[in-house]
Amino acid sequence: MFRTRFAPSPTGYMHIGNLRTALYAYLIAKKAHGTFILRIEDTDQKRNVPEAVQAIYNGLALAGIAYDEGPDKDGGHGPYVQSQRKPIYSQYAKQLIEQGDAYYCFCQKEDKPEPGDERIEGLKDPCRDLSSEEVQARFDQGLQPVVRQRIPLEGESSFFDHVYGDITIDHKQLDDQVLLKSDGFPTYNFANVVDDHLMEITHVIRGQEYLSSTPKYNLLYQAFGWETPEYIHLPHIIKEDGKKLSKRAGDPTFEDLVHMGYMPEAIVNYVVLLGWNPGDDRELFSLQELIEVFDMDRINKSSAAFSMDKLRWINGEHIRALSPEAFHETALPWYPGSLHRFDLKELSRLIQIRTDCLGDIPEMLGFLAKLPEYEASLFENPKSKSSLESSKIVLEAVIPLLKKQETFSNAALFETLKAYATESGFKVGTTMWPIRTALSGLPASAGGATELAALLGKEETLIRLEKGLAKLS
RNA sequence: GCCCCUAUGGUCUAGCGGUUAGGACGCAGCCCUUUCAAGGCUAAAACCCGGGUUCGAGUCCCGGUAGGGGCACCA
């Protein structure tokens with residue numbers, strides 16, 4: 001039985017890297033019909049953001065990732081919030097001390113050498129070999145110790161990682177890390193081992209930054225006589241310029257992207273592809289499909305750059321795949337109020353195929369509510385063989401025609417205008433271009449001449465056509 | 001400083017000793033077309049460098065280089 005967990009610290013938002021980690025952990029569990037668990041790692045009392053747990057719930061819900069066990073969903077392995085598990089950690093720390101696998105350390109932070117400090121070579125923690133009397137004496141002085149893991153001085157540790165393969169690290173590289181802080185809270189380094197074991201996690205999925213400390217965790221598992229889990233360390237997601245993604249630098253979080261108009265399903269689809277591929281050419285997946293096709297042994301080792309361009313394309317593909325009804329519902333919240341007089345359903349029909357990002361909708365449709373200022377030169381377009389002259393002739397001829405037009409439907413309008421084109425000798429494109437241009441005031445619009453005319457209605461169509469003609473006179 | 005990891009077009013990637021190095025995004029062009037899209041077609045664009053091993057190396061080994069990560073009472 002697979003049991004995986006997503007164990008974020010509550011920082012207040014879900015960044016892209018976190019989303020992918022959650023996703024992979026979820027997919028690995030679900031692929032195996034296993035259990036996916038949410039655990040909150042809030043052991044750093046200095047860093048806790050009060051409302052942040054809610055942000056995690058929201059983020060996961062938005063992504064469609066449902067957990068089987070979590071703080072608000074007991075599965076018999078709780079509590080699922082580390083700050084509520086404090087007694088558990090001290091109990092296990094005590095066991096380690098009794099076994100000699102950990103020790104009390106009374107040093108102050110300043111006593112420790114910095115990385116790069118030459119003294120660090122072969123330097124042992126002075127508290128490592130304190131006798132029980134010496135320890136007691138320090139306790140009697142009222143000193144608050146930390147508990148440190150006693151790493152063997154000799155030897156090396158190896159483990160297998162599903163992404164990176166076999167990793168070996170010399171014990172000399174491992175420091176006697178703090179297990180319990182002086183405030184009694186565990187460090188991540190300790191809590192993750194105890195909790196993963198107690199919660200019966202079978203597969204640990206986390207960022208690559210933990211790769212080199214994994215041997216320390218394995219030593220802990222061994223000291224307790226516990227079975228080590230399988231490891232899946234994930235490469236980082238970076239930016240196209242090679243820098244790392246950071247909220248501070250203005251890089252969007254998952255929630256930001258949703259607010260920008262990217263659909264959660266599309267973001268999920270894109271993010272899962274950052275460091276994984278199905279082994280064939282498929283790129284478009286629903287969450288459900290991902291569960292079926294995901295394979296942890298196909299995760300890449302190298303970091304991947306987040307591309308807005310590709311996200312945009314995938315988002316467009318997801319939008320186009322929607323039924324017209326579903327798209328309409330999705331698009332509705334993005335319509336500006338100024339469009340209320342229009343047939344919104346028809347608008348949705350027109351823009352669906354052209355929409356890559358929902359956030360583009362207001363801009364795409366703005367011209368309907370208010371004709372933009374434009375230059376007469378817009379009527380010149382070599383592709384449709386339109387010139388200032390031809391446009392003027394067409395508009396002059398077409399205005400009276402449309403005045404007489406009774407049914408302002410797309411089909412009827414097209415029939416009328418096409419008939420004019422045939423009769424006048426102008427190409428259909430040459431006829432339509434000036435009309436479309438005058439109706440939109442834009443070089444490109446969501447909809448052709450007759451579609452726009454039908455949408456705008458007879459009155460507004462004629463007003464705009466006259467305005468266009470005025471620019472040409 | 002020490003240790004770990006990574007390296008295929010601009011980007012995401014396939015490859016797992018013998019391929020004209022495949023696909024996708026983006027970019028350019030063409031077709032289609034009532035503008036723009038969408039769709040279709042075409043093009044340009046890559047194995048970090050140097051040594052080995054081998055009949056043969058993007059693929060295996062070693063060494064560089066470059067990038068990332070770790071060495072916290074942060075996770």
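In what follows, every heavy atom counts, from backbone to side chain, and hydrogens, waters and symmetry copies are set aside. Protein chains get the first letters and strands the later ones, always in sequence-line order, with residue 1 at the start of each. Remember, it's a predicted structure, so these values are computed and weren't measured experimentally.
Between A/Glu346 and A/Arg349, at least one side-chain N (NZ, or NE/NH1/NH2) sits under 4.0 Å from a carboxylate O, which counts as a salt bridge. In this structure, A/Lys86 does not pair ionically with A/Asp183, as no charged nitrogen and carboxylate oxygen lie closer than 4.0 Å. Between A/Asp195 and A/Arg5, no side-chain nitrogen of the basic residue sits less than 4.0 Å from a carboxylate oxygen of the acidic one, so the salt-bridge criterion is not met. A salt bridge does not link A/Lys385 with A/Glu380: every distance from a Lys NZ or Arg NE/NH1/NH2 to an Asp or Glu carboxylate oxygen is 4.0 Å or more.
Side-chain atoms of A/Gln208 and A/Tyr164 include a donor-acceptor pair closer than 3.5 Å. Counted by atom type alone, A/Arg206 and A/Thr21 present zero donor-acceptor pairs between their side chains at under 3.5 Å. A side-chain donor from one of A/Glu209 and A/His236 sits under 3.5 Å from a side-chain acceptor of the other. In summary, the side chains of A/Thr416 and A/Gln405 do present a donor paired with an acceptor at a separation below 3.5 Å, with no hydrogens or angles considered. With no hydrogens or angles considered, a side-chain donor-acceptor pair links A/Asp42 and A/Ser83 at under 3.5 Å.
Between A/His203 and A/His162, the two ring planes are tilted [angle within 30° to 60°].
The distance between atom CG of A/Leu350 and atom C1' of B/A38, rounded to the nearest whole Å, is 13 Å. Put simply, CZ on A/Arg5 is 14 Å from P on B/A75, counting in whole angstrom units. Counting to the nearest Å, the P atom of B/A75 and the CG atom of A/Leu179 are 12 Å from each other. Remark: P of B/G10 and CD1 of A/Ile238 are 15 Å apart, rounded to the nearest angstrom. In this structure, A/Asp175 places its CG atom 13 Å from P of B/G70, rounding to the nearest Å. Between A/Glu209 atom CD and B/C3 atom P there is a gap of 21 Å when expressed in whole angstrom units. Protein atom OH of A/Tyr210 is 24 Å distant from nucleotide atom P of B/C3, rounded to whole Å. The interatomic distance linking A/Ile237 (CD1) with B/G69 (C1') rounds to 15 Å, in whole Å.
OP1 and OP2 of B/A72 both lie 4.0 Å or more from every side-chain N or O belonging to A/Thr187. Dashed line: the shortest gap from a side-chain N or O of A/Lys181 to OP1 or OP2 of B/C74 is under 4.0 Å. Neither OP1 nor OP2 of B/A7 sits under 4.0 Å from any side-chain N or O of A/Asn300. The shortest distance between the side-chain N/O atoms of A/Asn277 and the OP1/OP2 oxygens of B/U13 is not below 4.0 Å.
For the C1' atoms, the distance linking B/U11 with B/A46 amounts to 12 Å, nearest Å. As rounded to the nearest Å, B/U42 and B/G52 have P atoms that lie 42 Å from one another. B/C47 and B/A21 have their P atoms separated by 12 Å, given to the nearest Å. Atom name C1', nucleotides B/A43 and B/C55: the rounded distance is 37 Å, in whole Å. For the P atoms, the distance linking B/A45 with B/G9 amounts to 14 Å, nearest Å. B/G10 sits 25 Å from B/U19 when the C1' atoms are compared, rounded to a whole Å. With P as the reference atom, B/G63 and B/G68 are 22 Å apart, rounded to whole Å. Distance noted for atom C1' between B/U13 and B/U6: 15 Å (whole Å).
Residue contacts for A/Phe306: at a heavy-atom cut-off of 4.0 Å it reaches no nucleic acid atom on any strand shown. Among the heavy atoms of the strands, none lies under 4.0 Å from A/Thr431. Here A/Lys418 lies out of heavy-atom contact (under 4.0 Å) with every strand. A/Arg298 comes within 4.0 angstrom of sugar-phosphate atoms only, judged by non-hydrogen atoms across all strands, and of no base. Here A/Glu317 lies in heavy-atom contact (under 4.0 Å) with sugar-phosphate atoms only.
In terms of position on RNA chain B, the residue among A/Tyr188 and A/Tyr164 whose nearest nucleotide sits closer to the 5' end is A/Tyr164. Residue whose closest nucleotide on RNA chain B sits further toward the 5' end, between A/Glu240 and A/Ser302: A/Ser302.
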Any N/O pairs under 3.5 Å between the protein and nucleotides 31-37 of chain B? List them or say none.
from  : atom 1 : to       : atom 2 : distance (Å)
B/U34 : O2     : A/Ala449 : N      : 2.5
B/U34 : O2     : A/Thr450 : N      : 3.3
B/U34 : N3     : A/Thr450 : OG1    : 2.5
B/U34 : O4     : A/Asn410 : OD1    : 3.2
B/U34 : O4     : A/Thr450 : OG1    : 2.5
B/U35 : O2'    : A/Pro443 : O      : 2.7
B/U35 : O2     : A/Arg436 : NE     : 3.3
B/U35 : O2     : A/Ser445 : N      : 2.6
B/U35 : O2     : A/Ser445 : O      : 2.9
B/U35 : O2     : A/Ser445 : OG     : 3.3
B/U35 : N3     : A/Ser445 : O      : 2.6
B/U35 : N3     : A/Gly447 : O      : 3.2
B/U35 : O4     : A/Arg354 : NH1    : 3.0
B/U35 : O4     : A/Gly447 : N      : 3.2
B/U35 : O4     : A/Gly448 : N      : 3.3
B/C36 : O2     : A/Arg354 : NH1    : 2.8
B/C36 : N3     : A/Arg354 : NH1    : 2.3

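Not a single donor-acceptor pair under 3.5 Å links the side chain of A/Ser391 to the backbone N or O of A/Leu388.
Geometrically, A/Lys471 does not engage A/Phe379 in a cation-pi contact, judged by NZ or CZ lying under 6.0 Å from the ring centre and within 45° of the ring axis.
Pairing of B/G9, defined by two Watson-Crick or G-U wobble distances under 3.5 Å, is not identified with any nucleotide. Searching all strands for a Watson-Crick or G-U wobble partner of B/G1 with both distances below 3.5 Å returns B/C71. Look at B/C48: its Watson-Crick or wobble partner, with both distances under 3.5 angstrom, is B/G64. Nucleotide B/G39 forms a Watson-Crick or G-U wobble pair with B/C31, both donor-acceptor distances falling under 3.5 Å.
Other residues, nucleotides and ligands contribute only 12 or fewer heavy atoms inside 6.0 Å of the CD atom of A/Glu415.
Across A/Asp176, A/Asp175, A/Asp101, a single residue satisfies salt bridge (Lys or Arg N to Asp or Glu O under 4.0 Å) together with A/Lys216, and that is A/Asp175.
Taking every side-chain heavy atom of A/Glu41 into account, B/A75 is the closest of B/G70, B/A75, B/G68.
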(request) For each nucleotide in nucleotides 22-29 of chain B, reading 5' to 3', give B when a protein heavy atom comes within less than 4.0 Å of its base, S when such contact involves only the sugar-phosphate, and - otherwise. (result) -SBSS---
(message) Protein within reach of the bases, or only the backbone? For nucleotides 40-48 of chain B, mark each nucleotide 5' to 3' as B, S or -, using heavy atoms under 4.0 Å.
(response) ---------
(request) Check step by step if side chain to side chain donor-acceptor pair (under 3.5 Å) holds for A/Thr11 and A/Ser9. (result) CA-CA 6 Å; A/Thr11 54; A/Ser9 56; 5.5 Å; no
